[in-house]
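Following: one structure in structure tokens, then a few remarks.
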Amino acid sequence: MAPQNKAGIILKAKNAIHTAKEYWSVPAKGNYIPYKEVASLSGAGFGVYWTTLLASTIGLDASNFLVGASIGLRPMDLQVMLIVANLVGIPIGIFRSWYYDNHNIKGGKFLPFIRKTGLPIVLITTAFVWLPYENMEYITKAVVVWFMYMLLNIFLCFYNESYTYFQQIITPNAQERATVMSISQVIYSLAPTITGFAVPFIAGITWGLNNIWTYRVIYPIFTVIGLLIGTIFFRKVKERLILPKKKPEAVRMLDAIREVAKNKYYWIIQAAAWVVFLESGYGVVLGWSFVYGNGGEYQEMLGVANTVIGNAALWSMLLAPLAIKVMGKRNLLITANSVNVVILLILYFTYKNIILVCVLWYINNFINTFWNIVQHQISADMRDYHQWKTGVRVDGLFGPLGMIGTVIGFFTGMVYPAIYEKMGLLEDYNVLYDDTIRNNLFEVLILCSALGALLNLIPFCFYDLTENKHKAYVDVLKIRAMFENYSLGALDDGELTEAMEIIHQAKALYGKEKLSVDKKADKASKKEIKETNLAIERAAIIMDDLNKFTTEAGRARLAQAYEDYSKGLVYFYDNAKADMDAARKLPKKTASEKEIRSDTIKNIRTKKESAALIRKYGMDNIVAPDETVKEEITNREAHNFIESIKIKRELNAWLKTESIYKRVIKPYTDAQNLITQANNYTHYDELEELYAASSAE
């Protein structure tokens, strides 16, 4: 090695150590998370994955070695059991989604669920594998497996969803979130890497992957270790949401669903999820090739293959932040799925060669890891967009609308079990030792998966929430929070400084033309120009929000607000239908005309609903519910799950009454909120003075 290269490496190592020390307890400027918390998050993630990895593999499908090959349940029976489980799970899922946004448990929005549900998962999974299935009749086995699966998933869904949502609110900075998640995933990916090697290895030297005794040894050990690790590290991480410092209002489920349904990015993500089932069919090829191919003589080598293939994810995790920064989430998703289609088509012609299968699986794992990382990122971005668009922060209540996918899954989930049984796979999984049956099945599964990968990428062609747009939306949220917290007397210097710096930069760049890039310029200059152009784009979004009450459409919207406000809380808009007909005839040639027409239609739509509710319940029955009752319920602490249910029922009854009242007075409250925000924005000069004074100190 040349001396200068060696010196350069040493210098980089020293700089890395210095940076780690400097930002170990305090985050770098513009970031939110110190390195110490990144380390804790990584350890916590390792614990989560170690706890849930094996528990999550208890699935009601034929590809599952435990319930399929080991316990011996037929593919179509498993699918019917899954449908019944999903039907029962719908109200449970709806409650879970509602509870995330409305609970009053101390410790955060999602962290309490992670801390409380780990132990039940360990206990249930241990009981699951130790039940005496070998002494049960077929129907008894099916019923017991179904019941244990349902019981496990009550806690497992809380645990997994809470961890997923938690990752999305560790920081409001999208690029920092990508970097932090990438680093933490490198650490906690060791969990599936270790189990991917250990489980097949232990199975190979004991009873095999298709024998229940293997799982009776493995499950208790792994889940307990994971629980202990997770419990230790989750005490050292925290959540971060950009919200004004007032107590969040309880959100009624149906009201949240009405708003969520208007989020276009939510539907794009859901559309992709509805077809992802088809892409998953090829997943059995690797495992079944080792366990059943060549008479099962290479079964113990599956652990080695899993370990090597799992290594591919490491490089994806390391490259993910850079890939997202260079390509953007949308382009990365589309590219990953496109490559996956090609890989699956190659697999169709090479699946009989187990070496080539492993090579293709390695590439596939490398590509799919990008997809797994990005899907969490776009889900977080979509929620921030929703908060910017509606002014309401919703996380868990995106879930109930997703039940549409569950219903769709009742039908799509029948596809692969029907294929399995049509091609000879029933309760006796030993037929997979037959090369003809296994190979014919593989070919059909691979082709279906290739089609699924193609369908999965199509919705993201319509996804246009760029990283720069998202950053601008988050900046606007910070500015709005600054104004509101100032009006509440709860503004701190850090918030003031951050928001005012965003405004000053936006003012300086607003209305400027983007800079052209000189091809002869050096790399640093090109990067600076690119960053400036991105800042110009953000400036337009930020200043449009700050100036929204001075435009023609903004003035019209504010004038309408004052008119609606003057009519009082409860007003019967009996002419709303005629007003809507008139609104639809408004001109829409210019951008301003389109905005005025859209605002008018939206305003009248709330008046139509208000009038309909007054007709239904009667003007005399529209009374504001007692706020002291709500305050008593929401301030009541839940010490256990039963108390949480009781509080939920009482609060839900109150919220239903409140919802009717709020929808009746919505034209008034919308007007009031708009007027309040407009008045908040008039305090800008005062905030400038405060900022100048704090900067001078």
Side-chain angles (χ1 to χ4, degrees), residues 98 101 249-267 385-394 397-398 400-401 404 548-549 551-625 652-678:
W98 175 89
D101 288 323
E249 291 290 325
V251 183
R252 187 171 181 254
M253 188 176 302
L254 292 177
D255 296 338
I257 289 174
R258 289 188 186 95
E259 292 302 318
V260 169
K262 301 172 187 176
N263 189 319
K264 63 179 181 179
Y265 298 117
Y266 173 80
W267 291 113
Y385 162 81
H386 187 82
Q387 186 181 354
W388 167 81
K389 186 76 174 175
T390 67
V392 178
R393 180 73 191 191
V394 175
L397 283 173
F398 277 93
L401 204 58
I404 295 172
K548 61 187 174 185
F549 297 112
T551 64
E552 182 182 0
R555 290 195 300 271
R557 189 161 57 244
L558 194 56
Q560 183 64 58
Y562 277 111
E563 182 182 336
D564 293 341
Y565 184 77
S566 67
K567 291 177 180 177
L569 272 170
V570 181
Y571 183 84
F572 183 40
Y573 294 94
D574 55 340
N575 294 323
K577 187 178 183 304
D579 291 342
M580 179 64 79
D581 294 336
R584 295 190 187 281
K585 296 176 182 177
L586 288 173
K588 50 180 179 179
K589 293 181 179 179
T590 66
S592 181
E593 288 176 347
K594 288 178 182 178
E595 188 176 353
I596 291 172
R597 180 179 180 275
S598 176
D599 289 340
T600 304
I601 290 173
K602 182 180 178 182
N603 176 263
I604 296 174
R605 192 173 285 127
T606 63
K607 293 174 180 176
K608 281 184 67 178
E609 183 180 17
S610 173
L613 289 170
I614 290 175
R615 290 190 188 97
K616 181 177 180 179
Y617 294 102
M619 179 69 81
D620 294 338
N621 294 320
I622 305 300
V623 181
N652 197 46
W654 193 95
L655 287 173
K656 183 177 180 180
T657 303
E658 183 197 44
S659 175
I660 295 169
Y661 180 72
K662 278 187 172 182
R663 282 182 286 158
V664 168
I665 67 169
K666 194 171 189 304
Y668 174 89
T669 54
D670 282 354
Q672 184 182 49
N673 290 337
L674 194 71
I675 293 168
T676 298
Q677 191 177 63

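- Proximity of E552 to I596: side-chain heavy atoms (C-beta onward) are separated by under 4.5 Å at one or more points.
- Here the side chains of V623 and Y661 are not in contact, with every heavy-atom distance at 4.5 Å or above.
- Partners of W388 under the ring pair (Phe, Tyr, Trp, His ring centres under 6.0 Å) rule, at least two apart in sequence or in another chain, are Y385, Y473.
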Table please: side-chain donor-acceptor pairs of residues 560-567 below 3.5 Å, with sequence neighbours left out.
{"from": "Q560", "atom 1": "NE2", "to": "D564", "atom 2": "OD1", "distance (Å)": "2.9"}
{"from": "D564", "atom 1": "OD1", "to": "K607", "atom 2": "NZ", "distance (Å)": "2.9"}
{"from": "D564", "atom 1": "OD2", "to": "N603", "atom 2": "ND2", "distance (Å)": "3.0"}
{"from": "S566", "atom 1": "OG", "to": "E563", "atom 2": "O", "distance (Å)": "2.6"}

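- The two atoms that bring E595 and R557 nearest to each other are OE2-NH1, 3.5 Å, heavy atoms only.
- For the salt bridge (Lys or Arg N to Asp or Glu O under 4.0 Å) test, no residue two or more places apart in sequence or in another chain qualifies with K602.
- For the pair I604 and D579, the tightest heavy-atom approach, listed with the atom from each and the gap, is CD1-O, 3.3 Å.
- Minimum interatomic distance between M580 and R605 (heavy atoms only, all atoms of both residues): CE-N, 3.7 Å.
- Nearest heavy-atom pair, A611 versus Y573, reported as atom, atom and distance to 0.1 Å: CB-O, 3.4 Å.
- Counting only heavy atoms from C-beta outward, the side chains of H386 and Y265 never approach each other to under 4.5 Å.
- V570 has its side chain within reach of M619: a pair of non-hydrogen atoms, C-beta onward, lies under 4.5 Å apart.
- Considering only heavy atoms from C-beta on, I614 stays 4.5 Å or farther from Y571 through its side chain.
- Closest of all the heavy-atom pairs between Q677 and K548 is OE1-NZ, 2.7 Å.
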